[in-house]
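Every chain is numbered from 1 and lettered A, B, ... according to where its sequence line falls, protein lines coming before strand lines.
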Protein chains: 2
Amino acid sequence: MSPRKSEGKELSKEMVLNEARKLFASVGYSKVSMRQLAKTLDCSHGAIYYHFKNKAEIFYSLVKTDFSLLNNKIDDIILTENNASQKIEKILLCFIEFGLTQQNHYAIMFLSKEKEIQHLLQLDSNKTYEKLISSLTDLTENKLNPASIWSIFLSLHGFITFYINTQLSYQDVKSLANFHVKNIMKSIE
Amino acid sequence: MSPRKSEGKELSKEMVLNEARKLFASVGYSKVSMRQLAKTLDCSHGAIYYHFKNKAEIFYSLVKTDFSLLNNKIDDIILTENNASQKIEKILLCFIEFGLTQQNHYAIMFLSKEKEIQHLLQLDSNKTYEKLISSLTDLTENKLNPASIWSIFLSLHGFITFYINTQLSYQDVKSLANFHVKNIMKSIE
DNA sequence: ACATTCATTGACCAATGGTTAATAAAGAAT
DNA sequence: ATTCTTTATTAACCATTGGTCAATGAATGT
């Protein structure tokens, strides 16, 4: 038995995260076993627990990054678009695109019944919702009350959660998403 | 070893279903182990497999019943309400109420990634969606195209799926549901 | 060179869904 | 009532899972 590996071959957090992202996305978080992940990393599954407290913490690290990306995308749209109505439309579509591109992450972020994960993610998902609130509030010049924005969020959420269960990509349902967003915007008048 | 029980104490499908319904609702389908279920039934967990092929089939039997109940409720609303607009509102609320009252079932019905369950449920969930389509189509006198109805369904779905993950009952969020439905109906004009 | 710290293995644990040979109760036939 | 057949059940088994931890040699520090 020769446990510790030579310096160049040591497991790192980044290595775990990179492989985990691939597996979670292709197989699904709950379906990926720690042993499976360890196999792709060519280490024992116990080694992963040196770097991460548990499976949920691996996931949390990935999702935290993804939330940041989404927030940045929304900021970009606000900075680059001119027309307020267009901005709103693009933000809503951006949210749907995020949900369907990171399907597995979205599912766990907003739908998971794992108490551990929910606890870890509470702050991050609140931030995203707050980003949506503030941008919609600004773009509609305070004409939308919080309940209306919430209703809009839930409608987006419905689109994403439904298509998350299909094998369809964002491109597959893009026109449906466009229509859904247009429908939602009917209530902003 | 004395395997078979006396006639009055034999396990039956109904006994399994009754206990399963309670446990699935209180603990959650995926968190209920077959051994846990067997314990409440005072039998071995292997005995359950004499009556049901697997865990999914127990669930399917329960859900099939619940779908029927929902469909009947929608029929009742159509028969008893007078005003078309009121009917639509009540149907949409009825759908939300169903989703939040049978939270665990709804989650599995529409959100489960278990291929086995999805396969079993495909026909039943299509029936429910078709019930929604036909009733909305009739009540709006063909003014709504299928894509709009789909959009409405997804918005309802979003409300339900979001609150399914909270410990809130339908009564807790009833006013929010009312608002959401009113918001959705803005797009039906 | 020696001591300490670190990263890892592999065996362990408790738990899970599902399977199946053995078994006695239930049911049918005589 | 007795015998034979069918049925419903147990308990042991299997492979798998997430997580734990003593033992171990590489890495690091003195």
**Student:** Residues two or more places apart in sequence or in another chain: which of them pass ring-ring contact (aromatic ring centres under 6.0 Å, His included) with B/Tyr106?
**Tutor:**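 B/Tyr106 satisfies ring-ring contact (aromatic ring centres under 6.0 Å, His included) with B/Phe110, B/His157 only.
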**Student:** NZ of A/Lys31 versus P of D/dG18: gap in Å, rounded?
**Tutor:**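 It works out to 12 Å between those atoms.
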**Student:** Looking only at the side chain of A/Lys55 (C-beta and beyond, no hydrogens), which of the listed nucleotides C/dT9, D/dG19, C/dT16 gets closest?
**Tutor:**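 Nearest to the side-chain atoms of A/Lys55, counting from C-beta on, is D/dG19.
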**Student:** Looking only at side-chain N and O atoms, does A/Lys5 come under 4.0 Å of OP1 or OP2 in C/dT9?
**Tutor:**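 Yes.
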**Student:** Classify the angle between the aromatic ring planes of A/Phe98 and A/Phe95 as parallel (below 30°), tilted (30 to 60°) or perpendicular (above 60°).
**Tutor:**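 A/Phe98 vs A/Phe95 ring planes: tilted.
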**Student:** Residues two or more places apart in sequence or in another chain: which of them pass side-chain contact (heavy atoms from CB on, under 4.5 Å) with A/Ser68?
**Tutor:**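 Scan of A/Ser68 (side-chain contact (heavy atoms from CB on, under 4.5 Å), adjacent residues dropped) gives none.
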**Student:** Identify, with sequence neighbours excluded, every residue that meets salt bridge (Lys or Arg N to Asp or Glu O under 4.0 Å) alongside A/Arg35.
**Tutor:**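 A/Arg35 satisfies salt bridge (Lys or Arg N to Asp or Glu O under 4.0 Å) with no residue once adjacent residues are dropped.
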**Student:** Closest approach to the side chain of A/Cys43, judged atom by atom: which nucleotide of C/dT16, D/dG19, C/dT9 is it?
**Tutor:**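 Comparing C/dT16, D/dG19, C/dT9 against the side chain of A/Cys43, the answer is C/dT9.
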**Student:** Please compare A/Gly46 and A/Gln36 by the position of their nearest nucleotide in DNA chain D and report the one closer to 5'.
**Tutor:**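 The answer here is A/Gln36.
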**Student:** Please report the distance, rounded to the nearest Å, between CD1 in B/Ile58 and C1' in C/dG18.
**Tutor:**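 After rounding, the reported distance stands at 12 Å.
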**Student:** Give one of base, sugar-phosphate or nothing for A/His45, where a contact means two heavy atoms less than 4.0 Å apart.
**Tutor:**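 Base, at least one base heavy atom under 4.0 Å.
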**Student:** Using a heavy-atom cut-off of 4.0 Å across all strands, would you classify B/Ser44 as base, sugar-phosphate, or nothing?
**Tutor:**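 Base, at least one base heavy atom under 4.0 Å.
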**Student:** Which sits closer to the 5' end of DNA chain C, B/Asn54 or B/Gly8, going by the nucleotide each is nearest to?
**Tutor:**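 This one resolves to B/Asn54.
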**Student:** Without decimals, in angstroms, what is the distance between A/Arg35 CZ and C/dC12 P?
**Tutor:**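 A/Arg35 atom CZ is separated from C/dC12 atom P by 13 Å.
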**Student:** Which residue lies toward the 5' end of DNA chain C, B/Tyr49 or B/Ser6, if each is placed at its nearest nucleotide?
**Tutor:**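 The residue mapped nearer the 5' terminus is B/Tyr49.
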**Student:** Return the value, rounded to whole Å, for the distance between atom CG of A/Leu23 and atom P of D/dT17.
**Tutor:**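 Rounded to the whole Å, the gap is 13 Å.
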**Student:** Between B/Met34 (CE) and C/dT19 (P), how many Å, whole number?
**Tutor:**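 Value for this atom pair: 10 Å.
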**Student:** Could you check whether B/Asp42 pairs with B/Lys9 (Lys NZ or Arg NE/NH1/NH2 to Asp/Glu carboxylate O, under 4.0 Å)?
**Tutor:**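 The answer is no: the pair does not qualify as a salt bridge.
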**Student:** Which residues pass the side chain to side chain donor-acceptor pair (under 3.5 Å) test with A/Lys87, not counting sequence neighbours?
**Tutor:**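 Side chain to side chain donor-acceptor pair (under 3.5 Å) list for A/Lys87, sorted by chain: empty.
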**Student:** B/Glu57 CD to C/dG17 P: how many Å, rounded?
**Tutor:**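 Those two atoms, CD and P, are 16 Å apart.
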**Student:** Given atom CG of B/Leu41 and atom C1' of D/dT10, what is their separation to the nearest angstrom?
**Tutor:**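 Distance check: B/Leu41 CG to D/dT10 C1' gives 15 Å.
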**Student:** Please report the distance, rounded to the nearest Å, between NZ in A/Lys39 and P in C/dG10.
**Tutor:**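 Rounded to whole Å, this separation is 14 Å.
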**Student:** Check nucleotides 4-7 of chain D for protein N or O atoms closer than 3.5 Å to its own N or O atoms and list the pairs.
**Tutor:**
residue: D/dT7; atom: O3'; partner: B/Arg4; partner atom: NH2; Å: 3.4
residue: D/dT7; atom: O2; partner: B/Arg4; partner atom: NH1; Å: 3.0

**Student:** Of all the choices, D/dT9, D/dG18, C/dT9, which nucleotide is nearest to the side chain of B/His51 once you look at every atom?
**Tutor:**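 Selected nucleotide: D/dT9.
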**Student:** Applying salt bridge (Lys or Arg N to Asp or Glu O under 4.0 Å), name anything that partners B/Lys13, two or more places apart in sequence or on another chain.
**Tutor:**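 Once residues adjacent in sequence are excluded, B/Lys13 has no partner under the salt bridge (Lys or Arg N to Asp or Glu O under 4.0 Å) criterion.
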